[in-house]
*Asks:* 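First the structure, then my questions, so here it is.
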Amino acid sequence: MARRKKEVEEVNQPLADNVHIQGAGTVKDERIVETLKENFMPYAMSVIISRAIPEIDGFKPSHRKLLYTMYNMGLLSGGTIKSANIVGRTMQLNPHGDASIYETMIRLSRGNESLLYPYVESKGNFGKAYSKNMMYAASRYTEAKLAPISKELFEDINKNTVDFVDNYDNTMKEPVLLPVTFPSILCNVTTGIAVGMASSIASFNLKELCDTTISLIKNPDHEISETLLAPDFVGGGYVIYNKEELERIYSTGRGSVKVRSKYTYDKKYNCIDITEIPPTTTSEAIIDKIVELVKGNKVKELSDIRDETDLKGLRITLDLKRGTDPDKLMAKLYKMTPLEDTFSCNFNVLIGGNPKVMGVGEILGEWIKFRLECVRRRTQFTLDKKAERLHLLQGLEKILLDIDKAIKIIRETDAEADVVPNLMIGFGIDKVQAEFVAEIKLRHLNREYILKRTKDIENLIKEIAELEGILASRNKLKKIIVKELEAVSAKYAGERKTQILYEIEEFDTASEPEVPDYPVTLFISKEGYLNKIRTANLRMSGEQKVKEGDVIERVYECSNKDELLVFTDRAQVYKAKVDDFADSKASQLGTFVATKLEMEPGEKTIYICVIKEYKGYMIFAFENGKVAKVDIASYQTKTNRKKLLKAYSAKVPLAAIEYIPEDTELVLCSTNGRMLLLNTGAITSKTTKDTIGVSVMTQKKNHKLESMHHYQEGEFEKEWRFRTKNLPAAGAVPGPADNSAQLTF
């Protein structure tokens with residue numbers, strides 16, 4: 001005991017300073033390629049094969065393990081049971097945690113509305129796929145069972161139709177694939193992201209899919225688009241028909257499908273109810289985008305938006321302003337929001353353990369091969385069982401021809417172990433037949449029993465001949481599959497949920513809604529505030545309110561339909577419409593332009609002009625005495641661009657800006673006190689916005705051009721003194737008789 005205590009103490013002692021772990025801190029050179037092969041590639045292959053990509057039966061391993069567990073629990077019939085019970089039992093096959101298993105069940109359930117043909121009947125709150133906020137309840141509160149269509153997933157699974165393998169701890173067997181009797185791979189939306197690849201499979205209507213598969217079985221050259229019209233989604237809505245794109249999806253497995261929401265207009269309440277949306281979005285995403293557009297003044301036809309989704313289903317309500325055309329508004333929202341979205345197709349399926357992107361025709365071809373093998377194995381299994389039964393009955397037949405002899409052999413045999421060998425010798429039958437005969441009860445040794453068994457032999461011979469005929473004929477195997485597909489289609493297929501739009505009215509972004517036309521007055525302050533007041537209301541308005549230290553710098557009388565060009569100190573111009581600014585009152589400060597136009601941090605407004613039409617010029621006066629004349633048409637854009645870079649030259653500090661509808665006379669003022677009267681017609685206009693201009697007013701050392709304003713008649717006593725025939729010129733110093741009040745900018 002003392003020795004043991006000493007050993008424990010030695011073990012618990014910390015390592016001495018001079019004791020090192022062998023190899024610790026050593027840098028080992030390895031080829032990156034080899035490291036990836038040894039460490040990363042096995043992980044990547046595991047994700048591709050065992051998690052993210054579906055196989056030809058339409059399921060990922062997690063789906064298959066859950067459904068097979070429910071099948072073994074007898075949930076194809078009877079009532080629902082607690083989801084927690086199902087999840088716990090599934091962990092015998094899928095040891096990745098109860099949360100992931102329950103989320104798998106949620107997606108497969110009818111209540112969640114993720115699948116066009118759900119495999120799980122649900123009871124309780126299973127959430128909704130179209131809403132992030134409608135979360136599912138915990139597994140202890142909900143109940144589930146297999147949906148009736150799930151019977152088609154397990155048909156004859158116990159007849160050697162598919163292979164079985166050991167589960168993760170070798171205590172159970174599970175199927176490698178499910179012997180589905182219909183092409184489930186294309187019946188429901190399946191998405192998955194693996195390592196370096198992904199899969200996104202659209203869902204199709206079961207009737208169309210079965211009809212297409214039957215047609216391909218009968219004629220491999222069948223035109224798929226004749227029977228498979230377009231994808232069909234659980235959320236309904238409309239598929240916008242594009243023949244070329246659908247043909248590409250059908251042939252290559254890649255492409256995209258546009259899905260549009262469905263709405264109704266309630267004339268009584270002047271509102272739009274959106275009841276079906278694309279599968280790639282949620283009601284919250286749609287509402288957030290519409291709210292963003294309303295705040296950005298891009299959608300002005302709405303007075304309110306509400307999410308009225310309840311137990312009856314999805315409903316987003318849009319309250320319209322009076323006079324709004326609902327169809328035109330929806331055409332606009334389709335273009336600008338997820339109310340119309342794209343489902344990207346990437347039909348990546350595991351075939352024999354290898355991922356492969358295939359078109360619809362190729363996938364159905366692979367499914368037909370898979371199903372043919374299932375039917376062949378099932379037929380062979382049935383044949384083997386019947387052949388085994390026939391073999392036993394043929395042995396029994398020999399015994400029944402002379403029952404007295406059989407009884408005599410058994411009675412005269414001393415040892416029980418010798419009964420079977422003696423019967424084998426006495427009647428010329430094998431051991432299996434003799435064992436079967438030896439187990440027959442005495443009550444069965446009568447005429448009725450003998451006649452029935454003899455008749456069974458005749459029936460078995462006929463059935464075996466039929467089964468052998470099926471196995472020998474590929475066409476007969478195909479006919480069986482066709483009958484099964486017809487039965488599935490008749491029993492489970494319904495009408496399309498997603499309707500097809502062959503002709504649509506596209507919204508032209510250039511055709512914006514009519515902007516109300518009425519006169520307004522704009523008050524622009526020095527610090528960059530803009531206040532828009534209806535001119536008709538100015539009589540009742542008091543003095544214009546401004547912040548302390550701020551002053552009104554410009555006043556424009558214009559139309560609500562006019563446009564604004566807002567120049568900033570960073571040589572940029574922002575474009576806006578007068579209508580973008582809300583009507584205000586004189587008692588309010590107005591709108592801070594920099595915030596409204598989302599200018600860069602620290603960027604300041606230096607000049608705002610009103611444009612009725614893009615005619616005229618922008619005049620830029622620089623401190624070095626140069627002046628640039630830019631055609632206003634250079635700022636016109638075909639698209640609704642909100643910001644233009646290089647709005648003027650930034651090489652020399654800017655002294656003043658002025659918009660002129662036509663050539664006019666301007667007065668340039670220098671810090672040396674001189675003034676120059678310039679007719680803008682003397683300067684050639686440029687289309688390049690950031691032109692450096694031409695020399696107009698010469699500047700002496702340490703002086704610069706500081707301002708510019710429109711010339712008013714009578715401003716100078718002798719105006720000829722300030723004019724010049726040649727440019728550049730120095731200008732003249734105003735005299736006492738000149739109107740100094742006009743000298744301010």
Side-chain angles (χ1 to χ4, degrees), residues 103 105-137 142 147 187-189 191 202-205 230-240 257-294 299 301-320 326-327 329-343 494-501 504:
E103 288 175 3
M105 180 194 292
I106 291 294
R107 187 178 178 278
L108 296 177
S109 70
R110 187 177 302 279
N112 188 250
E113 297 187 35
S114 291
L115 303 185
L116 186 60
Y117 299 98
Y119 299 116
V120 174
E121 294 287 0
S122 55
K123 183 179 178 182
N125 179 14
F126 275 69
K128 294 296 179 185
Y130 53 74
S131 175
K132 293 180 180 178
N133 294 336
M134 298 180 68
M135 293 297 294
Y136 51 84
T142 61
C187 280
N188 286 311
V189 170
T191 58
S203 57
F204 293 88
N205 180 266
D232 190 14
F233 298 100
V234 63
Y238 300 99
V239 166
I240 298 176
V257 180
K258 284 187 177 180
V259 186
R260 176 175 284 190
S261 301
K262 185 180 289 187
Y263 71 92
T264 56
Y265 173 64
D266 190 333
K267 187 175 181 180
K268 180 180 179 181
Y269 296 101
N270 192 30
C271 66
I272 291 173
D273 290 326
I274 300 164
T275 53
E276 298 177 8
I277 62 176
T280 50
T281 188
T282 62
S283 57
E284 291 84 4
I286 292 171
I287 292 172
D288 290 345
K289 184 61 180 179
I290 293 176
V291 169
E292 179 186 331
L293 292 174
V294 171
V299 173
E301 298 89 339
L302 297 180
S303 60
D304 191 18
I305 180 171
R306 299 183 302 280
D307 188 352
E308 297 185 350
T309 302
D310 55 18
L311 294 177
K312 296 179 181 178
L314 169 71
R315 187 166 73 176
I316 301 171
T317 300
L318 308 178
D319 289 339
L320 310 184
D327 294 329
L329 172 62
M330 286 303 297
K332 179 179 180 180
L333 293 178
Y334 283 145
K335 198 77 175 179
M336 305 172 73
T337 71
L339 283 171
E340 180 179 300
D341 212 352
T342 300
F343 185 94
E495 297 296 326
R496 288 186 62 92
K497 291 192 174 181
T498 304
Q499 299 177 16
I500 301 174
L501 283 181
I504 61 170

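The first residue of the sequence shown is numbered 1, and numbering continues consecutively from there. Bear in mind the structure is a predicted one, so any value in this text is a computation, not a measurement.
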*Asks:* Restricting to non-hydrogen atoms, name the atom on Val234 and the atom on Leu115 that form the minimum distance, rounded to 0.1 Å.
*Replies:* CG2-O, 3.2 Å
*Asks:* Please examine the side chains of Thr337 and Val299, heavy atoms only from C-beta on, and report whether any two atoms are closer than 4.5 Å.
*Replies:* no
*Asks:* When rounded to the nearest 0.5 angstrom, what distance separates CG in Leu302 from CG in Leu293?
*Replies:* 9.5 Å
*Asks:* Side chains of Tyr265 and Asp273: is there a donor and an acceptor less than 3.5 Å apart?
*Replies:*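 No, because no side-chain N or O of Tyr265 sits under 3.5 Å from a partner of the opposite role on Asp273.
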*Asks:* Using a cut-off of 6.0 Å, state whether more than 12 heavy atoms not belonging to Lys123 lie near its atom NZ.
*Replies:* no
*Asks:* Within this structure, what is the CG-NZ distance for the pair Leu501 and Lys262, rounded to the nearest 0.5 Å?
*Replies:*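 Between Leu501 CG and Lys262 NZ, I get 9.0 Å after rounding to 0.5 Å.
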*Asks:* Closer than 3.5 angstrom, by distance alone: can the side chain of Lys335 be matched with the main-chain N or O of Met330 as a donor-acceptor pair?
*Replies:*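 No; judged by distance alone, with no hydrogens or angles, the pair does not exist.
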*Asks:* Using side-chain heavy atoms (C-beta onward) and a distance below 4.5 Å, is Asp327 in contact with Tyr263?
*Replies:*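 Touching, per the 4.5 Å side-chain cut-off.
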*Asks:* Would you find a donor on one side and an acceptor on the other, under 3.5 Å apart, between the side chain of Asn205 and the backbone of Gly494?
*Replies:*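 Side chain of Asn205 to backbone of Gly494: a pair is present.
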*Asks:* Is it true that Thr281 and Asp341 share a donor-acceptor pair across their side chains at a distance under 3.5 Å?
*Replies:* no
*Asks:* Output yes when Asp319 and Arg306 qualify as a salt bridge under the 4.0 Å nitrogen-oxygen rule, no when they do not.
*Replies:* yes
*Asks:* Could you tell me the separation between the OG atom of Ser122 and the CG atom of Asn112, rounded to the nearest 0.5 Å?
*Replies:* 8.5 Å
*Asks:* Using a 3.5 Å distance criterion without hydrogens, assess whether the side chain of Asn188 forms a donor-acceptor pair with backbone atoms of Leu116.
*Replies:* yes
*Asks:* Nearest 0.5 Å please: distance from the OG1 atom of Thr282 over to the CG atom of Asn133.
*Replies:* 8.0 Å
*Asks:* Hey, does Thr317 have a side-chain heavy atom less than 4.5 Å from the side chain of Tyr269?
*Replies:* no
*Asks:* Counting only N and O atoms by type, is there a donor-acceptor contact under 3.5 Å from the side chain of Thr498 to the main-chain atoms of Gly237?
*Replies:*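 Checked: no pair found.
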*Asks:* To the nearest 0.5 Å, what is the distance between CZ (Arg260) and CD (Gln499)?
*Replies:* 13.0 Å
*Asks:* State, to 0.1 Å, how close Tyr117 and Cys187 come at their nearest heavy-atom pair, and which atoms those are.
*Replies:* CD1-O, 3.5 Å
*Asks:* What's the shortest heavy-atom distance between Glu340 and Tyr334, and which atoms?
*Replies:*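 Closest approach of Glu340 to Tyr334: CB-O, 3.4 Å.
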*Asks:* As an exercise, state the distance from CD1 of Ile274 to OG of Ser261, rounded to the nearest 0.5 Å.
*Replies:* 6.0 Å
*Asks:* Using every non-hydrogen atom in the two residues, find where Pro278 and Val259 come nearest and quote the distance to one decimal.
*Replies:* CG-O, 3.3 Å
*Asks:* Keeping the roles fixed (side chain from Asp266, backbone from Cys271), state whether a donor-acceptor pair exists under 3.5 Å.
*Replies:* no
*Asks:* Does a side-chain heavy-atom distance below 4.5 Å link Leu314 with Ser283?
*Replies:*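 Answer yes - side chains close enough.
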*Asks:* Can you find a heavy atom in the side chain of Leu320 that is under 4.5 Å from one in the side chain of Ile272?
*Replies:*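 Yes, side chains in contact.
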*Asks:* How far apart are the closest heavy atoms of Pro231 and Val257, and which atoms are they?
*Replies:*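 Closest heavy-atom pair between Pro231 and Val257: CG-CG2, 3.9 Å.
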*Asks:* Which heavy atom in Tyr136 sits nearest to a heavy atom in Glu103, and how many Å separate them?
*Replies:*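 What the structure gives for the nearest pair is OH-CG, 3.2 Å.
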*Asks:* Any heavy-atom pair between the side chains of Ile305 and Ile316 that's under 4.5 Å?
*Replies:* yes
*Asks:* If we ignore hydrogens and angles and just use 3.5 Å, is the side chain of Glu113 paired with the main-chain N or O of Tyr130 as donor and acceptor?
*Replies:* no
*Asks:* Verify side-chain contact (heavy atoms from CB on, under 4.5 Å) between Val239 and Phe233, making sure each step is shown before the conclusion.
*Replies:* CA-CA 9 Å; Val239 166; Phe233 298 100; 4.3 Å; yes
*Asks:* So, using salt bridge (charged side-chain N to carboxylate O under 4.0 Å, His left out) as the criterion, who are the partners of Arg107 when residues are at least two apart?
*Replies:*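 None.
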